**Student:** 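Structure incoming, see below.
Computed from a prediction, not measured in an experiment: that's the story for all the values here.
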Amino acid sequence: MIEWQEVKLKDVCLLVTDGAHSSPPSVNNGYPMASVKDMTDFGINYDTCRQISEPDYQKLKKQNCEPQINDVLIAKDGSYLKHTFLQRTKEEFVILSSIAIIRPNPELIFPKLLELLFRSPNIQAAAKNYVSGVAIPRIVLKDFKKINLHLPPLPTQQKIAKILSN
């Protein structure tokens, strides 16, 4: 019999953060800076991103505002939870604080399964309990970290993610 564990998101992730809390000036030709408005269910629409200078990009990159491969990106402000996707490729862009970066620990949770869990009605309903703000509804990072997940062993997670992805 496979034993599932109930865990908090913070306990199976290497990082739960968001993007920049300040917005550097735009430039005509630079690096993309994405916000919730640039998200789709499949990734960032780089055509709609504003551009920032290389020094600003490098500064924000050092502050963990650049998603890495296998990070799960989630809309957390405004249209919270509307878009969730797994970053599958290495891209040079940074994000604003309206997007959460969830970096799963691959020894504890299969990244694709984490993406799929955040798209599930159960997790979305649980996350909505943490929504705050009136003018701009949002989920704050400390509350993301509290979300409970029910997980089987890693090999079973991979099988479930494969089945659900098909």
**Student:** Tell me every residue that passes side chain to side chain donor-acceptor pair (under 3.5 Å) with N29, counting only those two or more places apart in sequence or in another chain.
**Tutor:**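 Counting only residues at least two positions away or on another chain, N29 forms no side chain to side chain donor-acceptor pair (under 3.5 Å).
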
**Student:** Taking side-chain contact (heavy atoms from CB on, under 4.5 Å) as the test, write out the residues that go with V140, two or more places apart.
**Tutor:**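 So V140 forms a side-chain contact (heavy atoms from CB on, under 4.5 Å) with S132, R138, K142, D143.
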
**Student:** Identify, with sequence neighbours excluded, every residue that meets salt bridge (Lys or Arg N to Asp or Glu O under 4.0 Å) alongside R103.
**Tutor:**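 Counting only residues at least two positions away or on another chain, R103 forms a salt bridge (Lys or Arg N to Asp or Glu O under 4.0 Å) with D71.
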
**Student:** Heavy-atom distance under 4.5 Å between the side chains of V94 and Q63, does that happen here?
**Tutor:**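 Sidechains of Q63 and V94: no contact.
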
**Student:** Ignoring hydrogens and geometry, is there a side-chain-to-backbone donor-acceptor pair from S165 to K162 under 3.5 Å?
**Tutor:**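 Checking the backbone N and O of K162 against the side chain of S165, no donor-acceptor pair under 3.5 Å is found.
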
**Student:** Applying side-chain contact (heavy atoms from CB on, under 4.5 Å), name anything that partners N70, two or more places apart in sequence or on another chain.
**Tutor:**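 Listed in chain order: L86, P111.
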
**Student:** D18 and side-chain contact (heavy atoms from CB on, under 4.5 Å): which partner among I74, L96, L141, I102?
**Tutor:**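 For D18, the side-chain contact (heavy atoms from CB on, under 4.5 Å) check succeeds only for L141.
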
**Student:** Applying ring pair (Phe, Tyr, Trp, His ring centres under 6.0 Å) as the test, list every pair that has at least one member in residues 20-45; sequence neighbours left out.
**Tutor:**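 Pairs touching residues 20-45 that pass the test: Y31-Y57.
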
**Student:** Quick one: side-chain contact (heavy atoms from CB on, under 4.5 Å) partners of K159, sequence neighbours excluded?
**Tutor:**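 Here no residue qualifies.
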
**Student:** Going by an N to O cut-off under 4.0 Å, is there a salt bridge joining K90 and E66?
**Tutor:**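 A salt bridge is present here (some side-chain N lies under 4.0 Å from a carboxylate O).
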
**Student:** Other hydrophobic cluster members with M39, side-chain heavy atoms of Ile/Leu/Val/Met/Phe/Trp/Tyr under 4.5 Å, chained?
**Tutor:**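 Listed partners: V36, I44, Y46, L73, F85, F93, I95, I99, I101.
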
**Student:** Which residues satisfy the salt bridge (Lys or Arg N to Asp or Glu O under 4.0 Å) test with K62, sequence neighbours excluded?
**Tutor:**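 Here no residue qualifies.
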
**Student:** Which residues pass the side chain to side chain donor-acceptor pair (under 3.5 Å) test with K61, sequence neighbours left out?
**Tutor:**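 In terms of side chain to side chain donor-acceptor pair (under 3.5 Å), with neighbours along the sequence ignored, K61 is linked to no residue.
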
**Student:** Taking T156 for the side chain and P152 for the main chain, is one N or O donor matched with an acceptor at less than 3.5 Å?
**Tutor:**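 Judged by distance alone, no pair lies under 3.5 Å.
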
**Student:** Looking at residues at least two apart in the chain, or sitting in another chain, which of them share a side-chain contact (heavy atoms from CB on, under 4.5 Å) with Q51?
**Tutor:**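 side-chain contact (heavy atoms from CB on, under 4.5 Å) check on Q51 returns V27, P32.
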
**Student:** Give every residue pair that meets the side chain to side chain donor-acceptor pair (under 3.5 Å) criterion with at least one member in residues 107-117, sequence neighbours excluded.
**Tutor:**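 Listed by first then second residue: K112-E115, E115-R119.
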
**Student:** Not counting sequence neighbours, which residues clear side chain to side chain donor-acceptor pair (under 3.5 Å) with E6? List them please.
**Tutor:**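 By the side chain to side chain donor-acceptor pair (under 3.5 Å) rule, E6 matches N148, H150.
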
